[in-house]
Amino acid sequence: MKDSAPLFPQPAATGVGESARVQVRSARDADISAICAIYAHHVLGGTGSFEETAPDTDEMATRFRSVVGNGLPYLVAENGGAVLGFAYAAPFRPRSAYRFTVENSVYVHPAVIGQGIGRRLLADLIDCCAAQGYREMVAVIGDAGNRRSIALHAALGFQQAGTLQGVGRKFSRWLDVVFMQRRLTTDPAP
């Protein structure tokens, strides 16, 4: 009997001395399957996303194209050709008055959680959005118990803006949503 293949391949090691090899760059179509696998892990096993069914690669490709089609950054971190995580900015809400505010998303391969990949991705995403003239970045963090994500955002200057209690239900539990916010620039582009 053959061993089943893992959900996604293990990335190259990123231990001491190797973190400098991690490169953050704009995502490409060729990254979609790795992005999809990373996100599926978080959807199926975590509460950071309130999706309960992992989207397939076609759906993830559609979402990717929507982000980049709106001129917003979609980044990946890679080492040795392996995608270690991804981050992107999307419009916060569709109404025109929100046009200077973006919402971020950051997901990291489970084998490298806690190794600074999420921090590098989010820091670069903040820089990209500030350079594009966005005024505010909002994090909508699934599960108030998601301490890593809350700490990551706080470390990069986000302030808690509020908590919606018990608004999501996943894994037979009611979950809160934590809103955090960070000013990117005081004078947005016209």
Side-chain angles (χ1 to χ4, degrees), residues 6-43 46 48-49 51 54-92 100-141 148-149 151-158 180 182-185 188-189:
L7 178 61
F8 42 86
Q10 293 297 308
T14 58
V16 175
E18 293 199 34
S19 61
R21 296 182 192 168
V22 174
Q23 173 190 8
V24 176
R25 61 166 173 79
S26 294
R28 303 184 281 252
D29 285 329
D31 301 319
I32 298 301
S33 62
I35 289 168
C36 189
I38 291 168
Y39 187 60
H41 169 82
H42 291 280
V43 168
S49 168
E51 286 195 75
D56 63 19
T57 54
D58 289 340
E59 174 61 21
M60 290 301 284
T62 298
R63 295 177 187 187
F64 166 71
R65 290 186 190 108
S66 176
V67 169
V68 298
N70 281 319
L72 291 163
Y74 202 122
L75 307 174
V76 296
E78 72 171 357
N79 184 3
V83 174
L84 306 176
F86 66 96
Y88 63 89
F92 174 61
F100 297 111
T101 302
V102 292
E103 178 180 336
N104 76 66
S105 291
V106 181
Y107 292 92
V108 176
H109 189 293
V112 296
I113 289 174
Q115 296 183 26
I117 305 301
R119 184 182 182 102
R120 291 212 28 211
L121 282 163
L122 184 54
D124 283 10
L125 188 68
I126 289 166
D127 290 346
C128 288
C129 291
Q132 289 181 352
Y134 289 97
R135 184 175 190 269
E136 300 287 334
M137 182 176 281
V138 174
V140 181
I141 300 171
R148 282 188 185 272
S149 185
L152 167 65
H153 285 85
L156 290 173
F158 285 76
M180 297 183 79
R182 183 187 194 279
R183 175 73 41 93
L184 300 175
T185 181

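Annotation: side chain of His109 is not in contact with side chain of Val83 (no heavy-atom distance under 4.5 Å). Inter-residue side-chain proximity for Phe86 and Tyr39 is flagged as met; some heavy-atom pair is nearer than 4.5 Å. Between Glu136 and Arg183 the shortest side-chain heavy-atom distance falls below 4.5 Å. Met137 is listed as a side-chain neighbour of Leu125, based on a closest heavy-atom distance under 4.5 Å. Looking only at side-chain heavy atoms (C-beta outward), Leu72 and Pro91 come within less than 4.5 Å of each other. A heavy-atom distance below 4.5 Å is found between the side chains of Ile35 and Tyr74.
In terms of modelled atom types and a separation under 3.5 Å, the side chain of His41 and the main chain of Gly46 share no donor-acceptor contact.
Note that NE2 of His153 is 4.5 Å distant from CG of Leu122, once rounded to the nearest 0.5 Å. Between atom CZ of residue Phe64 and atom SG of residue Cys36 there is a gap of 13.5 Å, rounded to the nearest 0.5 Å. The distance from atom OG of Ser49 to atom CD1 of Ile141, rounded to the nearest 0.5 Å, is 13.0 Å. The line from CZ of Arg148 to CZ of Arg119 is 13.5 Å long, rounded to the nearest 0.5 Å. To the nearest 0.5 angstrom, Arg21 atom CZ is 12.5 Å from Leu84 atom CG. Annotation: the span from Ile126 atom CD1 to Phe158 atom CZ amounts to 4.5 Å, rounded to 0.5 Å.
Contact between Val76 and Ala27 at its shortest, heavy atoms only, is CG1-CB, 3.7 Å. Taking each heavy atom of Ala139 and Asn104 in turn, the nearest pair found is CB-ND2, 3.7 Å. Contact between Tyr107 and Leu121 at its shortest, heavy atoms only, is O-CD1, 4.4 Å. In this structure, Ala89 and Val67 approach most closely via the heavy-atom pair O-CG1, 3.3 Å. Contact between Ala87 and Val106 at its shortest, heavy atoms only, is CB-CG2, 3.9 Å. For the residue pair Pro55 and Met60, the shortest heavy atom distance occurs at CG-SD, 3.6 Å.
The side-chain hydrogen bond (donor to acceptor under 3.5 Å, both in side chains) check on Arg63 picks up Glu51, Glu59, with sequence neighbours excluded.
Screening residues 64-83 for salt bridge (Lys or Arg N to Asp or Glu O under 4.0 Å) gives Arg25-Glu78, Asp29-Arg65 as the qualifying pairs, with residues at least two apart or on separate chains.
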